[in-house]
Chemist: 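First the structure, then my questions, so here it is.
Side-chain atoms are counted along with the backbone in the values below, which use heavy atoms only and exclude waters and symmetry mates. Predicted model only: the values in this text are computed from it and were never measured.
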Amino acid sequence: MNELSNGELGKSKRTQRRQQQNYFKTISNSIKESSYLKPNFLPIENNDDSLSEKLQEPLYPGCRTTLLDSLFRHFINFSANNGMSKTALSMCLKNEKTVLPTPNCLPESYKEAYQMIKPMIIETKRYDACVNDCLLFCKTSDNDHSLDRECTKCGEPRYKAESLSARKTFTYMPIGPRLSRIFGSDNICKILYSRQDLCNGKLTDITDGKIYKSWYEDGGVFQDMEESCTVPLALFCDGLNPHKSMATQKSMWPLILTWLNLPVNVRNILGPMMLVGIVPGTKTEEPKNLDPYLDLLVDELLELTECTMFNAYRGAPTSVRIALLHYMCDIPAFSKILHVSSQAALRGCPYCKEEGFYCKSLHKVVHINNRAFLPENHPLRKEKNDFAIKGEDRASKPESYTKEEELEIRNSYDQLPNQNRKSLLQKKTGLKGKYSFMRLPYHNRQEQMQPDGMHTIADVIGNLFGLITGKDDGKKVRSGEEEFQRFKDSWNSRTIINDEETVVGSNKRKSNTEDGKKAKKARVESMTAENELPPAPWRLDRSSVKIADQRAMSLVYPTGYDYHPDQHFSKPWTLRTMHGKHQFVTSGAALWCLRGLLPSKQETTLGKLFNVIELLTSESYHENELEFIIESTSEAVSLVERDFPIALQTITTHLLHHIPEGFANFGPLYGRWLFPFERVNSWITRQALNKNKIEATIMETYAIYDWCVYMIMSGKVKQDGIDIGKLERLLLEDEKDDSCSTNEKTFSIDDNILREMSNVYDFCLVARMSKEGKELASCTRSYGNTTYGNTGRKINFSPFSNNRSSNSYVYTVDENSTDSLVDSIIFGSICKIFEHVWRGQTYTWVLLDIFDDVRYEDGFWSVLEHKTSQKPVMLKDVSAPQIVGRENDRLHYVRTCI
């Protein structure tokens with residue numbers, strides 16, 4: 001059959017679309033009525049002829065840009081950038097209208113422009129709320145409070161004095177229209193059908209875990225449903241202060257949903273990641289109760305449990321099932337939305353029945369049952385004196401509540417007559433009464449929540465470095481060790497003034513004089529000398545901190561690290577971000593800076609803990625690795641309890657036990673990392689411009705942003721030159737990698753280097769070319785064939801430079817060498833990256849400048865930064881760019897393993 005011409009092909013597509021629309025009209029009468037049956041988000045598709053024609057008009061006669069494209073660009077700049085006000089947008093519109101040729105149809109103000117796109121924006125709903133967060137003044141399935149003028153629970157008035165303006169409001173953006181819009185868009189809907197389930201025992205995301213798969217098995221919430229027609233949702237909730245200055249306190253709680261079916265790089269974008277609403281705080285306090293606001297979400301989820309939506313991929317209405325099946329929060333948020341105890345409680349762990357111990361010296365609860373998580377025959381269980389709990393530990397691993405046990409406790413809690421008895425039950429069990437999500441028929445708290453790995457690991461690293469540098473070491477820490485009879489030499493040997501006492505004299509006037517300042521300085525020096533704590537094996541003295549800082553300042557980081565060499569030990573704020581802390585400890589940099597400054601016992605424990613943190617944050621695992629990761633984590637946490645103060649044994653340290661236990665069910669932390677949600681919180685704070693109605697203003701801006709994201713992802717506007725600020729790129733196409741730029745110049749390679757290349761070809765590549773030839777040539781460029789050999793002349797190669805690694809320090813291993821490890825390993829820096837064609841295949845080579853005098857001492861490799869020769873190496877045999885430090889005229893590679 002002859003191929004169709006472009007005109008015939010377009011006609012064929014239009015005919016097919018017309019047939020699909022006719023089919024939809026034919027069967028629509030026989031389908032249950034649903035408000036989401038047909039996408040209702042664009043006037044062009046709603047047959048609003050006047051508005052659609054207006055938006056498709058050119059800006060001015062002869063212009064290729066339509067009014068819709070121009071409005072979109074203005075609103076994406078307005079909503080995505082750092083707090084651009086409506087007045088600023090009006091000024092931009094007015095100035096552009098003045099510059100454009102006359103006549104033009106560009107509106108002059110924000111108000112006019114917003115009215116044009118308003119029919120395309122999903123409508124939000126505003127509810128009046130009780131100032132004490134008791135209820136919302138609206139009609140619910142249980143009661144109708146829509147006409148009440150005061151709260152029926154606390155009696156607080158609904159409106160301000162002599163006004164019909166509500167004292168507190170909540171703006172809610174429903175999820176049904178947004179899901180309908182996604183299913184009704186060809187470009188977005190295809191993503192749901194493109195995911196392939198090819199894990200083969202490898203865990204890369206929550207979709208590979210046992211819990212996710214159980215949703216589609218018999219008895220699961222999505223049984224008998226096609227995966228692409230299901231919407232498993234996850235909820236994120238956290239408190240934040242929208243004001244930049246901490247002097248102005250305010251707490252509000254965004255409610256954010258993400259769609260677990262979508263790929264990680266798509267579902268972590270604000271747009272597919274749906275902001276439902278922002279729960280307002282009360283003046284300087286956080287909301288007292290989130291349940292009334294969550295009830296709105298639960299009511300809509302119950303309505304949407306199974307509904308009919310138009311599926312653009314199929315071109316017909318489709319039955320869709322929606323469920324909220326996962327919760328991604330930190331412990332304070334879990335306490336509010338799932339009614340479990342806070343992190344300071346004795347039963348602060350929401351994942352097991354482990355009970356903490358209240359340490360009077362530290363004035364806090366510590367969790368010292370770490371050895372119970374180890375295998376029964378583990379050697380650490382037999383140690384008798386070094387742990388907080390003396391003697392051998394034969395305790396079994398703490399169990400979790402079953403669903404039936406938890407329901408019984410919560411029912412008992414609600415039936416108790418007074419708050420005192422409720423508090424006693426909560427202290428005993430760690431559970432409060434019922435909460436909103438228990439109304440969902442498929443809700444199971446234990447199977448739908450996991451520890452927040454990001455904040456947990458960041459807190460563990462921060463607390464550990466606080467003790468090592470002495471920032472968090474003090475009288476209480478030493479008294480805690482005395483209470484547990486550990487580290488006797490570090491106990492307080494003299495009477496020490498309370499940490500909270502100040503050195504400022506009672507006569508403030510005198511302290512402001514010159515004599516007063518001198519006297520104050522003398523008192524400070526005297527009291528500092530008097531209050532100096534005895535040495536401890538976990539703490540660096542001043543000279544050691546200085547050495548560690550010098551080593552940290554000498555580090556050279558390759559591109560991709562989000563911090564620079566600095567005094568990381570005396571200035572902890574230089575590692576304030578979670579990513580920075582994680583990179584510092586997992587790259588080997590922290591251990592290299594601390595080497596030789598702590599006793600070997602503590603240094604070894606730090607190495608094991610840092611290795612475990614690297615394991616826990618890997619992007620993927622194989623099922624066979626999980627048992628080793630779980631045991632290694634429990635061992636590292638137990639060693640931290642043995643070799644460091646009890647003050648570190650907080651709930652965050654305890655949660656490290658539970659993180660790897662959830663990998664089989666929920667996949668790695670990579671798919672549940674909260675950093676994308678924290679970025680959304682950052683976006684929210686930047687939009688808090690109106691101090692009067694902060695939450696409502698942010699939701700109005702978000703509704704515009706949500707429309708802009710949809711317009712980009714659905715391809716309904718031109719995307720050239722779009723700048724969306726610091727958020728993730730929203731284009732669905734793969735980003736181009738500009739790290740490699742082709743250099744048309746040629747360079748010469750000596751004959752001896754060509755001979756080394758020929759040896760690699762003869763002894764390595766030819767033998768496995770039949771197996772790996774296609775893979776080796778799949779992503780390289782060919783610049784033409786070359787010959788080599790003892791030709792007595794130099795041969796030109798066409799190189800391309802890699803800006804990310806061309807100046808970084810690397811190492812590689814020569815697999816052909818049979819000598820010792822020191823002789824077989826090669827260290828150097830990349831001089832050139834080039835490609836060579838051999839027997840029809842293109843191979844990528846690296847020309848290395850080789851370093852001299854390779855040594856392996858104290859677990860680290862080092863070299864003299866003196867280039868002795870050049871050597872060609874296959875790019876695939878070269879490691880990633882390495883972090884190195886300079887000390888004693890040598891270059892140290894901070895990675896301890898190769």
Side-chain angles (χ1 to χ4, degrees), residues 547-548 550-561 565 583-597 600 603-604 606-607 610-611 614 749-760 763-765 802 804-834 844-898:
I547 294 173
Q550 289 175 348
R551 292 173 178 174
M553 289 288 290
S554 73
L555 292 171
V556 179
Y557 299 101
T559 303
Y561 285 78
Q583 287 180 331
F584 190 57
V585 301
T586 58
S587 65
L591 205 59
W592 181 79
C593 293
L594 292 171
R595 76 188 194 286
L597 303 179
S600 58
E603 188 173 332
T604 302
L606 284 181
F610 295 162
N611 288 336
E614 185 176 10
I749 298 295
D750 293 333
D751 286 347
N752 58 345
I753 293 179
L754 292 175
R755 292 191 191 96
E756 293 189 37
M757 294 172 60
S758 68
N759 292 334
V760 174
F763 295 110
C764 297
L765 296 181
N802 188 323
R804 292 183 180 176
S805 59
S806 59
N807 295 322
S808 59
Y809 297 96
V810 299
Y811 64 75
T812 183
V813 177
D814 185 359
E815 298 177 353
N816 296 324
S817 176
T818 58
D819 300 329
S820 65
L821 184 61
V822 174
D823 296 330
S824 64
I825 194 167
I826 301 171
F827 291 88
S829 62
I830 294 177
C831 175
K832 290 287 185 182
I833 302 178
F834 60 95
T844 306
W845 288 84
V846 171
L847 187 62
L848 292 179
D849 289 327
I850 306 301
F851 292 139
D852 193 14
D853 192 19
V854 179
R855 298 180 187 175
Y856 184 75
E857 300 173 342
D858 301 327
F860 296 94
W861 294 91
S862 67
V863 296
L864 281 177
E865 198 173 2
H866 174 65
K867 301 172 184 178
T868 59
S869 61
Q870 288 186 331
K871 182 179 181 64
V873 181
M874 295 293 292
L875 180 62
K876 64 182 183 61
D877 294 329
V878 176
S879 73
Q882 298 294 296
I883 300 177
V884 295
R886 291 185 175 90
E887 189 177 44
N888 298 329
D889 297 327
R890 295 186 66 83
L891 201 64
H892 293 256
Y893 287 76
V894 302
R895 292 295 294 176
T896 57
C897 59
I898 294 178

Chemist: Measure the spacing between CG of Leu594 and CD1 of Ile547 and express it to the nearest 0.5 Å.
Modeler: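 Those atoms lie 11.0 Å apart.
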Chemist: Evaluate Lys867 against Ser829 for side chain to side chain contact (heavy atoms under 4.5 Å, CB included), listing each step before the verdict.
Modeler: CA-CA 9 Å; Lys867 301 172 184 178; Ser829 62; 3.9 Å; yes
Chemist: Side chain to side chain contact (heavy atoms under 4.5 Å, CB included) between Gln882 and Trp861: does it pass, once the steps are laid out?
Modeler: CA-CA 12 Å; Gln882 298 294 296; Trp861 294 91; over 6 Å; no
Chemist: Between atom CG of Asn888 and atom CG of Leu891, what is the distance when rounded to the nearest 0.5 Å?
Modeler: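 Here the interatomic distance stands at 12.5 Å.
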Chemist: Search all heavy atoms of Cys831 against all heavy atoms of Asp849 and return the closest pair with its distance.
Modeler: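 In this case the closest contact between Cys831 and Asp849 is CB-OD2, 3.7 Å.
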Chemist: Working note: Leu555 + Phe584, criterion side chain to side chain contact (heavy atoms under 4.5 Å, CB included); need CA distance, chi angles, decisive distance, verdict.
Modeler: CA-CA 11 Å; Leu555 292 171; Phe584 190 57; 4.2 Å; yes
Chemist: Could you measure the distance from the SG atom of Cys593 to the CD atom of Glu887? Nearest 0.5 Å is fine.
Modeler: 9.0 Å
Chemist: Apply side chain to side chain contact (heavy atoms under 4.5 Å, CB included) to Ile830 and Leu848, showing your working.
Modeler: CA-CA 5 Å; Ile830 294 177; Leu848 292 179; 3.8 Å; yes
Chemist: Taking all heavy atoms of Val894 and all of Gly885, pick out the closest pair and write down the distance.
Modeler: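 Where Val894 meets Gly885 most closely, the heavy atoms are CG1-N, 4.4 Å.
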Chemist: Could you grab the distance from atom CZ of Phe827 to atom OG of Ser879, nearest 0.5 Å is fine?
Modeler: 8.5 Å
Chemist: For the backbone of Asp853 and the side chain of Arg890, can you confirm whether one donor and one acceptor N or O come within less than 3.5 Å of each other?
Modeler: yes
Chemist: Which heavy atom of Pro565 sits nearest to which heavy atom of Met553, and what is that distance?
Modeler: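 Minimum heavy-atom separation between Pro565 and Met553: CB-O, 3.4 Å.
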Chemist: Arg595 side chain to Phe860 main-chain N or O, any donor-acceptor pair under 3.5 Å?
Modeler: no
Chemist: Please report the interatomic distance CG(Leu597) to CD(Glu603), rounded to the nearest 0.5 Å.
Modeler: 8.0 Å
Chemist: For the atom pair CD1 (Ile833) and CH2 (Trp845), what is the distance rounded to the nearest 0.5 Å?
Modeler: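 Rounded to the nearest 0.5 Å, the CD1-CH2 separation comes to 14.0 Å.
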Chemist: Tell me the closest heavy-atom pair linking Ile883 and Tyr557, and the distance in Å.
Modeler: CD1-CD2, 3.6 Å
Chemist: Where is the tightest heavy-atom contact between Tyr893 and Val863, given as atom of each residue plus distance?
Modeler: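 Scanning both residues, the minimum pair turns out to be CE1-CG2, 4.0 Å.
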Chemist: Would you check if the side chain of Ser554 reaches a backbone N or O of Arg886 as a donor-acceptor pair within less than 3.5 Å?
Modeler: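 Yes; at least one donor-acceptor contact below 3.5 Å.
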Chemist: How close do Asp889 and Leu864 get, counting heavy atoms only, and between which atoms?
Modeler: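 In terms of heavy atoms, the two residues are closest at O-CD2, 3.5 Å.
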